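Below, chains carry the letters A, B, ... as their sequence lines are ordered, and counting in each starts from 1. Quantities reported herein were computed from a predicted structural model and do not represent experimental measurements.
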Amino acid sequence: MAKNLTTRENDYSRWYNDLVIQADLADNSGVRGCMIVKPYGFAIWERIQQELDSRFKETGHVNAYFPLFIPKSHFSKEADHVEGFAKECAVVTHYRLKNNPNGSGIIVDEDAKLEEELIVRPTSETIIWDTYKKWVQSYRDLPIMVNQWANVVRWEMRTRLFLRTSEFLWQEGHTAHATEKEAIFESQQMIDVYGDFVEEYMAIPVIRGTKSSNERFAGALETFCIETLMQDGKALQAGTSHFLGQNFAKAFDVKFQDKDGGMKFVWGTSWGVSTRLMGALIMTHSDDNGLVLPPKLAPIQVVIIPIYRGEKEFEELDPVALKVLKELKASGIRVKYDNRDTHKPGWKFNEYELKGVPLRIALGPRDLEKGTAEVARRDTLSKELVKLKDLSDHIKSNLSEIQVQLYAKAKKSLDANINPADDWESFESALDKGGFVSAHWDGTSETENKIKEMTKATIRCIPIENKKISGSCILTGKPSKERVLFARAY
RNA sequence: CGGGAAGUGGCGCAGGUGGUAGCGCACCUGGUUUGGGACCAGGGGGUCGCAGGUUCAAAUCCUGUCUUCCCGACCA
C-alpha cells in the first residue's frame with residue numbers, strides 16, 4: 001500500500017492531486033495555475049506526442065511553428081472567436097523593465113508601452129489564418145495540412161494539474177481546403193485519429209460525438225469530440241476537432257482562384273489534444289496504490305529488481321539480471337534494471353507500483369536455484385513464478401494482455417455507466433449516481449442552459465453512432481429526434 | 001473573481017499569552033541488513049511564503065501581497 005496516498009473512496013479529488021505529485025508527474029510552480037511537468041510525467045507526454053505525431057504524418061500533415069504572441073487586431077477579426085476567448089487572455093502591454101528609482105527593485109518601464117498590445121495565444125486560429133491568406137492564391141495551393149506542437153495560455157480561475165492549467169502543452173492542427181466536403185472529411189478523420197489513438201494506445205474507451213451549439217468551439221460550425229468517463233463518474237473531454245466552415249477564411253479574407261476561374265473562400269478545420277490527456281490517463285486506470293500505465297504508453301514497461309544479501313549474492317545475480325535485461329531490450333521492450341544498492345527491494349516494489357510500471361521482475365537467490373523469476377503485474381497486483389527460459393515470451397504476452405485488459409475494464413465501466421432517463425426524476429437521480437445520462441433534448445440552447453442551471457450537467461455530446469429514435473425532451477416535453485449524453489464534467 | 005482554510009529544514013507537522021525554533025520521515029557518515037517502504041549510533045540542514053508596520057525584542061500582534069487546497073462564479 002502506498003504511503004500518504006489518499007484513497008479514492010476517501011477523497012477522489014485529493015487522491016488525484018496526491019498521485020500526480022507523488023508519482024513524480026508534475027508539480028505546482030510559483031506562478032498561479034502553471035505547472036512544472038517533471039521528467040517522468042514528460043516522458044509519458046513524449047510517448048503520447050511521438051505516437052500522435054506519426055499518426056498525423058500518416059494522414060498527410062506536416063509540422064510548423066507559429067508565434068506565441070498574437071496582435072490584438074488579428075485576434076478581434078472573428079466575432080464568435082473573440083467572444084469565446086476574450087475573458088481568458090493574457091495580454092502583453094510593455095516590452096521593458098527598469099530599476100525602480102526608489103531602489104526597491106524592478107518595475108515596468110511605462111515609456112516602453114507597446115503601440116499594439118499582444119495577446120498570448122489561447123489558440124492559434126487567428127495568426128494562422130492571417131498567414132494562410134499569404135499562402136493561398138490558387139486551388140493548387142490547397143490543401144494546407146499543418147500541425148504545431150506548442151504551449152497556450154488561458155487564464156483560468158480554478159486550476160488542477162493536467163486537467164485545467166493556465167498554461168498547457170498541446171498540438172493544434174489547422175487545415176485549409178478547397179471544398180466543404182474535404183474540410184468535413186478532414187475534421188471527421190482527425191476525431192477518428194484521436195479516438196483510435198486514445199483507445200488503442202492509452203487504453204481509454206471514448207464516445208465519439210458532436211457538440212451542442214452551447215459547447216461548440218468559438219468560431220466553428222461543428223465540433224466533433226471524444227468524451228471519456230473517469231472513475232468518479234465525471235465526464236472528461238479528451239479531444240476536439242472543428243469544422244470551421246468558411247468563418248475564418250471570411251474573417252481573414254483567405255480566397256483562392258478555383259479551376260473554374262472564380263474566387264472562393266477556403267474551408268477550414270482545426271483540432272487539438274492537450275496535456276489534459278495525462279489527466280484522463282491517470283483517472284482512468286490508476287488505483288489506491290498509485291499510477292497504472294498501459295504498456296504501450298509506459299516509459300518503463302518492465303523493471304528488474306535484484307534481491308540479494310551481501311556482495312557475493314549480488315555477484316551471482318548480476319550476470320543473470322543483465323542477461324534478462326539484454327534479452328528483453330533485444331525484443332524491443334522498454335526495460336530498466338534497478339541495481340541501486342541504496343534502496344531495499346521492498347522500497348523499490350512500492351516505488352514502481354506508485355509510478356505505474358506494468359511489470360516487475362524480481363530475481364533472488366531462490367530463483368537462481370530454480371532457474372525462475374517472480375513476475376508481478378501492476379494492474380492485478382498478482383505474482384507468478386516464471387522459468388527464465390520462458391521469461392521473454394511471458395513478458396511479451398503479459399504486456400499485450402495488460403494493454404487489452406486495461407481497455408476492457410475501462411470499457412466495461414464506461415458501458416455500465418451510460419444510463420437512460422425518460423423522466424425528470426430519474427434524470428436527476430441518474431446524474432447523481434454519476435456517469436453519462438442518455439436522454440432526449442429538444443435541441444435548443446435555452447433548454448440546455450436551464451438543465452445546466454438546475455443540475456450542473458451539460459450535454460457532453462451527441463453520439464455519432466446514435467440510433468435516431470425520436471422521443472420527447474426530458475425537461476420541456478417537446479419533440480426530440482434522438483438521445484444525447486448528459487453528464488457533470490471536468 | 002467572491003467565501004473559507006493554510007503556508008515554519010526536501011516532505012508532513014508542532015510551537016503562537018512576543019524573548020531569536022522543535023518533532024517524525026527524508027538526507028549525510030559508519031556498521032549490521034536486503035523475497036513488500038530495515039535497524040543502531042553519530043551528524044548536517046530553516047533570513048518561519050514575501051513586503052511593510054507595532055515593539056527594546058516578531059514564527060508569534062497589525063496591514064498588504066503571493067501561492068496552495070475546499071466551496072461558488074467562470075471555463076470549447
Practice prompt. From the options Thr228(A), Asn466(A), Ile226(A), Leu485(A), select the one residue that forms a side-chain contact (heavy atoms from CB on, under 4.5 Å) with Ile207(A).
Written response: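 Running side-chain contact (heavy atoms from CB on, under 4.5 Å) over Thr228(A), Asn466(A), Ile226(A), Leu485(A) with Ile207(A) returns exactly one hit, Leu485(A).
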Same-atom distance ([atom1]) from [N] to [M], integer angstrom:
N	M	atom1	answer
rA59(B)	rA51(B)	C1'	16 Å
rC13(B)	rC75(B)	P	34 Å
rG7(B)	rG16(B)	P	14 Å
rC71(B)	rC28(B)	P	39 Å
rU33(B)	rG37(B)	C1'	15 Å
rA73(B)	rG4(B)	C1'	15 Å
rC1(B)	rU60(B)	P	27 Å
rU20(B)	rU63(B)	P	25 Å

Send over the distance from [X] [atom1] to [N] [atom2], rounded to a whole Å.
X	N	atom1	atom2	result
Arg32(A)	rG49(B)	CZ	P	19 Å
Arg340(A)	rG37(B)	CZ	C1'	12 Å
Ile21(A)	rG10(B)	CD1	P	16 Å
Lys344(A)	rG36(B)	NZ	P	8 Å
Leu385(A)	rG35(B)	CG	C1'	11 Å
Glu167(A)	rC75(B)	CD	P	22 Å
Arg360(A)	rG37(B)	CZ	P	12 Å
Phe314(A)	rU33(B)	CZ	P	18 Å

Item to complete: Measure from the side chain of Ala362(A), starting at C-beta and using heavy atoms only, and say which of rG35(B), rG36(B), rC27(B) lies closest.
Response: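 Shortest atom-to-atom distance from the side chain points to rG35(B).
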Item to complete: Check every atom of rG35(B), rC27(B), rG36(B) against the side chain of His343(A) and return the nucleotide holding the closest atom.
Response: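 The answer is rC27(B), which lies nearest to the side chain.
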Applying a 4.0 Å non-hydrogen cut-off, can you work out what [X] is touching in the nucleic acid: base, sugar-phosphate, or nothing?
X	value
Gly33(A)	sugar-phosphate
Glu313(A)	nothing
Gly364(A)	base

Discussion item. Check whether Phe349(A) forms a cation-pi arrangement with Arg360(A) (NZ or CZ under 6.0 Å from the six-membered ring centre, at most 45° off the ring normal).
Written reply: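 The answer is yes; both the distance and angle limits are met.
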Counting only Watson-Crick or G-U wobble pairs whose two distances fall under 3.5 Å, which nucleotide matches [N]?
N	result
rG16(B)	none
rC69(B)	rG4(B)
rA38(B)	rU32(B)
rC75(B)	none
rC25(B)	rG10(B)

Practice prompt. Classify the side chain of Lys383(A) versus the base of rG35(B) as yes if they form a donor-acceptor pair under 3.5 Å and no if they do not.
Written response: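 Donor-acceptor pair under 3.5 Å: no.
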Is the distance between the ring centroids of [X] and [Y] under 6.0 Å?
X	Y	result
Trp129(A)	His81(A)	no
Phe224(A)	Tyr194(A)	no
Trp267(A)	Phe185(A)	no

Practice prompt. Indicate yes or no: does Asp192(A) engage Arg208(A) in a salt bridge with an N to O separation below 4.0 Å.
Written response: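 Yes, charged N to carboxylate O under 4.0 Å.
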Worksheet item: So which one's nearest nucleotide on RNA chain B is more toward 5', Cys34(A) or Trp170(A)?
Response: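 It is Cys34(A) whose nearest nucleotide is closer to the 5' end.
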Discussion item. On RNA chain B, does the nearest nucleotide to Lys211(A) precede the nearest nucleotide to Trp347(A) from the 5' side, or the other way round? Give the residue.
Written reply: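 Nearest nucleotide further toward 5': that of Trp347(A).
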Discussion item. With no hydrogens and no angle check, just 3.5 Å: does a side-chain donor-acceptor pair link Thr7(A) and Asp288(A)?
Written reply: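 No, no side-chain donor-acceptor pair sits under 3.5 Å.
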Worksheet, complete the sentence: Expected string for nucleotides 69-74 of chain B under the B/S/- scheme (protein heavy atoms, under 4.0 Å, primed atoms plus P, OP1, OP2 as sugar-phosphate) is SSBBB-
Worksheet item: Think Arg366(A) has a side-chain N or O under 4.0 angstrom from the OP1 or OP2 of rG35(B)?
Response: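 Result: no.
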Discussion item. Can you tell me how the ring of Phe314(A) sits relative to the ring of Tyr308(A), calling it parallel under 30°, perpendicular over 60° and tilted otherwise?
Written reply: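 It falls in the tilted class, 30° to 60°.
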Worksheet item: Under 30°, 30 to 60°, or over 60°: which ring-plane class applies to His343(A) and Trp347(A), parallel, tilted or perpendicular?
Response: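 Judged by the thresholds at 30° and 60°, the geometry between His343(A) and Trp347(A) is parallel.
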